[in-house]
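See below for the structure under consideration.
Remember, it's 1-based here, ligands and their atoms both numbered in the order they're listed.
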Amino acid sequence: MTKEFNIQNLIRENVKGLSPYSSARDEYVSDGSEMVFLDANENPYENGVNRYPDPQQRGLKAVLAEQKDISVENILLGNGSDEVLDLIFRTFCEPKVDNIISLPPTYGMYKVLSGINMVENREVLLTEDFQPDVEAILKAVDEHSKLLFLCSPNNPTGNIFSEESMMRLLNKFNGLVVIDEAYIDFAESESWVSRLSDFPNLVVTQTLSKAYGMAGIRLGICIASKEVIAALNKIKPPYNVNELTQQKALKRVLDVQSVKEEISNILNERERLLKVLREVSFVESIYTSDANFVLAKVDDATNRYNQLLAEGIVVRNRTTQPLCKNTLRFTVGTTEENKKLIEVLNKLT
Ligand SMILES: *Cc1c(COP(=O)(O)O)cnc(C)c1O
């Protein structure tokens with residue numbers, strides 16, 4: 001970074017001055033001994049969820065910290081990555097003053113959150129091969145640029161961003177570089193979490209919604225320096241990760257073998273799907289995927305989308321996205337689902 005990096009210069013003034021809500025479960029933390037809890041106005045009759053959940057999700061964080069070789073203080077959990085991303089906006093971006101940089105075509109939530117939070121979204125298109133245009137990004141930056149979103153592997157294009165361009169951006173950008181790793185478990189490259197100590201401005205977000213198969217429980221993960229996490233914790237709603245989610249998530253992340261097997265099956269299915277797509281007459285090109293979906297350019301995306309729908313198959317039409325004219329995004333399903341898709345694709349040709 002050009003200047004000495006100081007996280008305090010990035011945090012909004014009102015957030016710096018805040019004292020967070022102190023919940024009953026923050027004030028008295030159980031050490032496991034038999035205590036009588038009369039502090040939170042809960043209903044005392046046991047049904048599994050009559051007590052408030054742990055506001056700091058200690059059990060789940062301890063396992064994640066060990067698996068990712070980081071400290072518990074480097075982790076914040078949220079109600080999906082969507083909440084985590086919103087907390088990042090609200091902690092660092094002053095409405096109507098600050099701006100963020102996003103790189104379309106990419107995940108739609110960065111733009112939505114910038115709109116909700118009244119923070120200017122400076123869009124810098126990816127290059128033709130869907131890589132960050134480093135020079136153009138650095139030109140778009142000014143002293144109010146607080147966040148730069150790098151979605152890698154990127155949605156909807158599926159590719160991972162080059163290490164070299166990400167390094168350059170981490171070194172040159174004076175705000176926080178948020179690397180959205182929702183699909184990292186499908187990629188061969190290593191997570192940027194291992195580089196946390198090299199870059200004080202690095203924030204990584206992950207999720208249990210994709211490779212871990214738990215989109216329904218809403219569990220998003222933010223990994224960053226202790227200072228960034230402490231700032232986010234100040235504005236986090238006290239009980240943002242509910243008890244059922246904490247229990248389910250803990251069980252799932254401990255079941256390393258099942259997760260691994262499912263990822264491996266999905267990757268095999270992805271290769272099978274790629275082979276078939278190459279033979280489909282109306283498919284014009286297929287983009288490399290480091291994720292659990294494949295983006296393909298077809299002759300007429302809206303027409304093909306409707307034809308697939310009529311056959312009972314729902315894909316995502318991405319034709320309105322920049323650089324994505326006439327593209328469809330196919331999520332990799334089970335062997336059975338993919339068989340049905342392949343049959344239908346061949347019928348349409
Ligand atoms: C699916 C997805 C997420 C996941 O969001 P959750 O709120 O955790 O379900 C995050 N980022 C990207 C790029 C995604 O595609």
Side-chain angles (χ1 to χ4, degrees), residues 57 60-61 64 68 75-90 100-114 116-117 121 123 126 130-132 147-161 166 176-187 189 191-193 203-224 232 236-237 240-242 244-246 248-249 252-253 259 262-263 266 270 287 289-295 314-318 321-324 327-333:
Q57 311 95 21
L60 183 53
K61 277 188 193 165
L64 290 171
K68 296 176 192 298
I75 307 176
L76 174 121
L77 301 178
N79 185 25
S81 337
D82 292 343
E83 184 189 31
V84 165
L85 294 170
D86 187 52
L87 288 172
I88 296 171
F89 266 89
R90 288 192 289 128
I100 64 138
I101 316 272
S102 68
L103 316 179
T106 193
Y107 188 45
M109 277 308 282
Y110 317 135
K111 187 180 196 162
V112 170
L113 288 169
S114 69
I116 292 170
N117 289 295
N121 176 28
E123 299 190 308
L126 293 174
F130 298 143
Q131 289 294 324
L147 309 172
L148 164 61
F149 287 96
L150 301 177
C151 185
S152 179
N154 187 41
N155 180 6
T157 60
N159 62 299
I160 203 117
F161 291 162
M166 291 170 88
L176 296 177
V177 177
V178 182
I179 304 183
D180 186 335
E181 290 191 336
Y183 300 98
I184 193 65
D185 300 291
F186 300 108
S189 2
S191 162
W192 282 84
V193 167
V203 176
V204 178
T205 62
Q206 297 181 347
T207 176
L208 295 200
S209 295
K210 307 288 157 63
Y212 281 79
M214 302 232 123
I217 69 170
R218 315 302 302 130
L219 198 282
I221 307 170
C222 177
I223 299 157
L232 296 172
K236 172 186 96 59
N240 64 327
V241 180
N242 73 67
L244 298 177
T245 294
Q246 291 190 41
K248 275 269 193 190
R252 183 62 168 165
V253 296
V259 175
E262 288 181 13
I263 292 171
I266 291 167
R270 183 182 75 193
Y287 301 97
S289 171
D290 300 290
N292 65 333
F293 58 85
V294 176
L295 189 74
V314 193
V315 298
R316 198 85 201 266
N317 184 355
R318 296 284 73 186
Q321 300 298 301
L323 307 177
C324 291
T327 58
L328 296 175
R329 193 190 67 191
F330 300 84
T331 305
V332 179

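- The two atoms that bring L77 and K236 nearest to each other are O-CD, 4.3 Å, heavy atoms only.
- In this pair, Y110 and Y107 present their aromatic rings perpendicular. The plane angle is above 60°, beyond the 30 to 60° band.
- Residues N242 and N79 bring no donor and acceptor atom of their side chains to less than 3.5 Å of each other.
- Ligand 1 lies nowhere less than 4.0 angstrom from a heavy atom belonging to A215.
- Proximity to C151 (heavy-atom distance under 4.0 Å) selects the following atoms of ligand 1: 13 (C).
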Go through it in stages, so that I can follow the logic: the residues are E262 and R252, the test is salt bridge (charged side-chain N to carboxylate O under 4.0 Å, His left out), and I'd like the CA-CA distance, side-chain angles, deciding distance and then a yes or no. CA-CA 12 Å; E262 288 181 13; R252 183 62 168 165; 2.8 Å; yes
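- Shortest non-hydrogen contact noted between N317 and L328 is CA-CD2, 3.8 Å.
- Ligand-side atoms of ligand 1 in range of A182: 2 (C), 3 (C), 10 (C), 11 (N), 12 (C), 14 (C), range being under 4.0 angstrom from any heavy atom.
- By the criterion of a heavy-atom distance under 4.0 Å, both the backbone and the side chain of S81 are placed next to ligand 1.
- Heavy-atom proximity to atom 9 (O) of ligand 1, evaluated over S209, G220, G78, P156, is greatest for S209.
- Polar contact with ligand 1: present for K210 (N/O pair, distance under 3.5 Å).
- In R218, the part holding a heavy atom less than 4.0 Å from any atom of ligand 1 is the side chain.
- Of all the heavy atoms of D180, the ones lying under 4.0 Å from any atom of ligand 1 belong exclusively to the side chain.
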Apply the test side-chain contact (heavy atoms from CB on, under 4.5 Å) to residues F293 and Y183: give CA-CA distance (whole Å), side-chain angles for both, the deciding distance (0.1 Å), then the verdict. CA-CA 10 Å; F293 58 85; Y183 300 98; 3.6 Å; yes
